[in-house]
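Here is the structure we will look at, set down as structure tokens.
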Amino acid sequence: MMAFQRTLPLILLTLTCIVAAGIFIALFNKKSTTNYQPCRLPEYVIDSFVLVKGGGFIQGKDAVYPEEGPPQKVFVSSFKLQTTEVTNKQFAKFVAQTGYVTDAEKGTGSAQFLESETPWITSSWWSLDSGATWKTPDGAGSNLEGRALHPVVHVTLNDARAYAEWAGGRIPTEIEWEYAASLGLFDPLEPESGMQAPDGTPRANVWTGTFPDNNTEEDGFTGTAPVGCFEQNLIGAYDMIGNVWEWTESRYGKANPRFTIKGGSFLCGSNYCRRYRASARQGMEQDFSTVHIGFRIAKKIAK
């Protein structure tokens, strides 16, 4: 616990960087569903996986921030990737069957984003909430009513690993995740095509307006959205860009035991944190959780 307290200032600084580093920048191939209704995906789709066929790609392509490069060509073997982010309903089933207790529930709490009255002070954006857990996402006294199909949040990498093992899968590596997201782009020549269409139509749940004090809700949401509220990408997966950051099983740098998160979140906007791109990446301690980090799992191809 003391180690956790010592690293808390660094963690909160990392969270600030995730959403703020861009302050001065930016002034299946076959649909798997029929009769698609936004935010109302059938349960069999949420429980499904898309096939990601192996191949080569350029990792770190079209970098915006220093940590995203340099570009390198890599080969990825075929694997299966969960069609959506893991939902509260799915995670609740796991907890009910195993009795699992998340890291946040053990007393450490989880990080909450605050719409501050002093938005010019970056440290005012985040607070460690001792009552925030996956089943009380807004803090003590809150619940999951109406959020069964929202992505589970306030989960650490440890928690995600435990769920993945129970579900017969694993957490994807950063290379696997980025490869799948790159294949899914609507326009390979436009890195932000996963976030919006050429005419500006939203394709992901991100921050619209001026971060952090004016969210215009042009995409229909201020916080997390139910999975599948935006069109699936070209490999058939939903929400790989925006909504919540997603854990990967790849180390982030050589320093402390930090792991890479991918995809950006509902807190990424055009004036802050332009990380709604396949190549974007940030690091997070494996035993820390926030309101804007979730996950999806991968599986091996059966032989």
Side-chain angles (χ1 to χ4, degrees), residues 14 16-29 50 52-77 79 81 85 172-208 211 218-219 230-253 258-284 292-293 296 298:
T14 299
T16 298
C17 291
I18 289 176
V19 295
I23 183 170
F24 295 118
I25 302 179
L27 299 168
F28 330 109
N29 300 324
V50 295
V52 183
K53 295 182 179 179
F57 84 115
I58 305 298
Q59 183 187 19
K61 181 182 177 183
D62 301 312
V64 172
Y65 300 108
E67 73 273 8
E68 296 170 8
Q72 58 178 339
K73 187 173 183 178
V74 297
F75 181 84
V76 182
S77 298
F79 65 101
L81 185 68
E85 294 152 337
T173 66
E174 177 182 8
I175 290 176
E176 287 175 328
W177 194 102
E178 187 171 331
Y179 174 61
S182 298
L183 289 179
L185 285 177
F186 296 93
D187 181 355
L189 300 180
E190 175 46 69
E192 295 183 2
S193 64
M195 184 269 293
Q196 66 177 14
D199 65 359
T201 301
R203 286 173 168 164
N205 178 19
V206 298
W207 187 285
T208 55
F211 184 90
E218 293 170 36
D219 56 13
F230 300 88
E231 63 182 310
Q232 61 192 143
N233 65 18
L234 295 188
I235 64 168
Y238 292 93
D239 304 311
M240 293 199 72
I241 301 299
N243 214 15
V244 294
W245 287 92
E246 298 182 16
W247 285 109
T248 76
E249 196 60 87
S250 298
R251 290 291 185 111
Y252 184 86
R258 304 174 75 204
F259 286 77
T260 305
I261 54 178
K262 299 285 286 184
S265 77
F266 64 88
L267 294 179
C268 286
S270 61
N271 69 309
Y272 275 41
C273 180
R274 276 183 55 199
R275 290 188 167 86
Y276 33 63
R277 297 167 290 104
S279 61
R281 61 196 302 268
Q282 275 290 292
M284 187 59 61
H292 69 337
I293 302 179
R296 73 181 72 212

Query - Closest contact, heavy atoms only, W247 versus I293 - result: NE1-CG2, 3.4 Å

Report task. Could you tell me which residues satisfy ring-ring contact (aromatic ring centres under 6.0 Å, His included) with F57, sequence neighbours excluded, listed by chain and number? Result -> Y179

Report summary line: The reported gap from CD in E246 to CG in D239 (rounded to nearest 0.5 angstrom) is 8.0 Å

**Report entry** Side-chain heavy atoms of P172 within contact of L81, under 4.5 Å
**Finding:** yes

Query - Smallest separation among heavy atoms of D62 and R277, with atom names - result: O-NH1, 3.9 Å

Query raised in the report: Distance from W177 atom CH2 to F79 atom CZ, nearest 0.5 Å?
Result: 10.5 Å

Query raised in the report: Would a 4.5 Å heavy-atom cut-off, applied to side chains only, mark T248 and F259 as touching?
Result: no

**Report entry** For E174, all residues meeting salt bridge (charged side-chain N to carboxylate O under 4.0 Å, His left out), sequence neighbours excluded
**Finding:** K262, R281

Requested in this report: Check whether any side-chain heavy atom of V52 sits under 4.5 Å from a side-chain heavy atom of E176, and report yes or no.
Outcome: no

Query raised in the report: Which atom names give the shortest non-hydrogen contact between G69 and A63, and what distance separates them?
Result: N-CB, 4.3 Å

Query raised in the report: Roughly how far apart are E192 CD and D187 CG, rounded to 0.5 Å?
Result: 11.5 Å

Query raised in the report: Are Q282 and W245 close enough that a side-chain donor and a side-chain acceptor fall under 3.5 Å?
Result: no

**Report entry** Y65 side chain vs R274 backbone, donor-acceptor pair below 3.5 Å
**Finding:** yes

Report task. With rounding to the nearest 0.5 Å, note down the distance linking CZ in R258 to CE in M284. Result -> 7.0 Å

Requested in this report: Determine the minimum heavy-atom distance between D199 and T201, stating which atoms define it.
Outcome: OD1-OG1, 2.8 Å

Query raised in the report: If only atom types and distance count, is the side chain of E178 paired as donor or acceptor with the main-chain N or O of G60 below 3.5 Å?
Result: yes

**Report entry** Distance (rounded to the nearest 0.5 Å) between Q72 CD and I175 CD1
**Finding:** 6.5 Å

Report summary line: Smallest heavy-atom separation, V50 atom then A237 atom, equals CG1-N, 4.2 Å

Query raised in the report: Just how far is it from atom OG of S193 to atom CZ of R203, taken to the nearest 0.5 Å?
Result: 6.0 Å

Query - For L185 against P191, the heavy-atom pair lying closest together - result: CD2-O, 4.0 Å

